[in-house]
Amino acid sequence: MLLKDFYKVVSIENSAENKYLVLIHINAEHDVFKGHFPGNPIMPGVCMMQIIKELTEQITGSSLFMQSLSNVKFMALINPFQTPELLLELDVTTTEDNLIKVKNVSYFDETIALKLSSVYRKV
């Protein structure tokens, strides 16, 4: 975990072939939120991308390097005090040239907060 104690994995469920549902709990007291932004904490987008990478590493059992991102859509602000639990849907596939492709949709409650597609290479 790049940011110690930033989040905790509550559960990982393999819901179908190559599809995973991951429930995480965000630590609202983490120092990141003291700077982003004082009095109005909001999850930094780069932290969400890092969480997705780390979860994909856990699922694949491989260290990964982000090669590319596409279709990145931040659709709602995540306030860790109001909605500390996030549900991430991950569709993880390996290509013929051994790249890891991930399609993600992240939710809090019924609200879609983030959609993104990423490609990683093993390191």
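Numbers for residues simply follow the sequence, beginning at 1. None of the values given here were measured: they were computed from a predicted structure.
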**Q** Keeping the roles fixed (side chain from K53, backbone from L64), state whether a donor-acceptor pair exists under 3.5 Å.
**A**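 Side chain of K53 to backbone of L64: a pair is present.
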**Q** Quick one: are R121 and I100 in side-chain contact, heavy atoms under 4.5 Å?
**A**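 With C-beta onward as the side chain, the pair stays apart.
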**Q** Is there a continuous path of hydrophobic side-chain contacts, each under 4.5 Å between heavy atoms, that joins I59 to Y7?
**A**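 Yes; Y7 is reachable from I59 via cluster members.
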**Q** Could you measure the distance from the CG atom of L21 to the CG atom of L88? Nearest 0.5 Å is fine.
**A**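 These two atoms lie 9.5 Å from each other.
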**Q** I want to check something: taking the side chain as every heavy atom from C-beta on, are K101 and Y120 in contact at a cut-off of under 4.5 Å?
**A**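 No; the side chains remain at least 4.5 Å from each other.
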**Q** For a side chain to side chain contact (heavy atoms under 4.5 Å, CB included) check, start with the C-alpha distance between L86 and Y107, then their side-chain angles and the critical distance, and finish with the verdict.
**A** CA-CA 6 Å; L86 301 176; Y107 302 86; over 6 Å; no
**Q** Can you tell if the side chain of V119 reaches within under 4.5 Å of the side chain of S68, non-hydrogen atoms only?
**A**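 Yes, their side chains come closer than 4.5 Å.
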**Q** Step by step, work out the side chain to side chain contact (heavy atoms under 4.5 Å, CB included) result for E29 and F81.
**A** CA-CA 9 Å; E29 299 297 331; F81 286 96; 3.3 Å; yes
**Q** Mind checking whether M48 and S106 have side chains closer than 4.5 Å, heavy atoms only?
**A**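 M48 vs S106: side chains touch.
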**Q** Is there a continuous path of hydrophobic side-chain contacts, each under 4.5 Å between heavy atoms, that joins V102 to I112?
**A**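 Not linked; separate clusters.
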**Q** Distance alone, cut at 3.5 Å: any donor-acceptor contact between the side chains of Q58 and E54?
**A**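 The criterion, which ignores hydrogens and geometry beyond distance, is not satisfied for E54 and Q58.
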**Q** For a quick test of reading the model, state the closest non-hydrogen atom pair linking S62 to K122 and the distance between them.
**A**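 What the structure gives for the nearest pair is OG-CE, 3.6 Å.
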**Q** Are T111 and D109 close enough that a side-chain donor and a side-chain acceptor fall under 3.5 Å?
**A**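 There is no such pair (donor and acceptor under 3.5 Å, judged by atom type) between the side chains of T111 and D109.
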**Q** Go through L69 and M49 one step at a time and tell me if the side chain to side chain contact (heavy atoms under 4.5 Å, CB included) criterion holds.
**A** CA-CA 9 Å; L69 288 172; M49 291 186 287; 3.2 Å; yes
**Q** Among L77, I78, I26, find the residue that satisfies the side chain to side chain contact (heavy atoms under 4.5 Å, CB included) test when tested with T83.
**A**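 When side chain to side chain contact (heavy atoms under 4.5 Å, CB included) is applied between T83 and each of L77, I78, I26, only I78 qualifies.
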**Q** Is it true that D91 and T93 share a donor-acceptor pair across their side chains at a distance under 3.5 Å?
**A**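 Absent: no donor and acceptor within the cut-off.
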**Q** Measure the shortest side-chain to side-chain distance between I24 and V10 over non-hydrogen atoms and say whether it is less than 4.5 angstrom.
**A**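 No, too far: nothing below the 4.5 Å cut-off.
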**Q** Just do the side chain to side chain contact (heavy atoms under 4.5 Å, CB included) check on L114 and I52 with the steps written out, would you?
**A** CA-CA 11 Å; L114 170 64; I52 292 164; 3.8 Å; yes
**Q** Applying a strict under-4.5 Å side-chain criterion to I, L, V, M, F, W and Y, I'd like to know whether L90 and F74 cluster together.
**A**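 As far as the 4.5 Å side-chain criterion goes, F74 and L90 are connected within one cluster.
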**Q** Is there side-chain contact between L116 and N71, with heavy atoms separated by less than 4.5 Å?
**A**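 Not in contact.
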**Q** Is V123 linked to L2 within one hydrophobic cluster, defined over Ile, Leu, Val, Met, Phe, Trp and Tyr using a side-chain heavy-atom separation of less than 4.5 Å?
**A**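 No, V123 does not connect to L2 through the hydrophobic network.
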**Q** Taking the side chain as every heavy atom from C-beta outward, state whether L99 and T94 have any atom pair closer than 4.5 Å.
**A**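 Contact flag for L99/T94 side chains = no.
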**Q** Measuring only between side-chain heavy atoms, which start at C-beta, is K115 closer than 4.5 Å to M75?
**A**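 A side-chain contact exists here, since the closest heavy-atom pair is under 4.5 Å.
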**Q** Looking only at non-hydrogen atoms, find the nearest pair between K34 and P38 and report the distance.
**A**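 Closest approach of K34 to P38, heavy atoms only: O-CG, 3.1 Å.
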**Q** Do L55 and V32 land in one hydrophobic cluster if side-chain heavy atoms of ILVMFWY residues count as linked below 4.5 Å?
**A**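 Yes, L55 and V32 fall within the same hydrophobic cluster.
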**Q** Fit a plane to each ring of F6 and H30, take the angle between them on a 0 to 90° scale, and name the class: parallel (under 30°), tilted (30 to 60°) or perpendicular (over 60°).
**A**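 Perpendicular: the ring planes of F6 and H30 meet at over 60°.
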**Q** If you look at every heavy atom in P41 and P80, which pair is closest and at what distance?
**A**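 Minimum heavy-atom separation between P41 and P80: O-CD, 3.7 Å.
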**Q** Where the side chain of H25 meets the backbone of E85, is there a donor-acceptor pair that is under 3.5 Å apart?
**A**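 Here the side-chain-to-backbone pair does not exist.
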**Q** Which residue in the set N104, T56, N14 passes side-chain hydrogen bond (donor to acceptor under 3.5 Å, both in side chains) when paired with Y20?
**A**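 So the option named by the test is N14.
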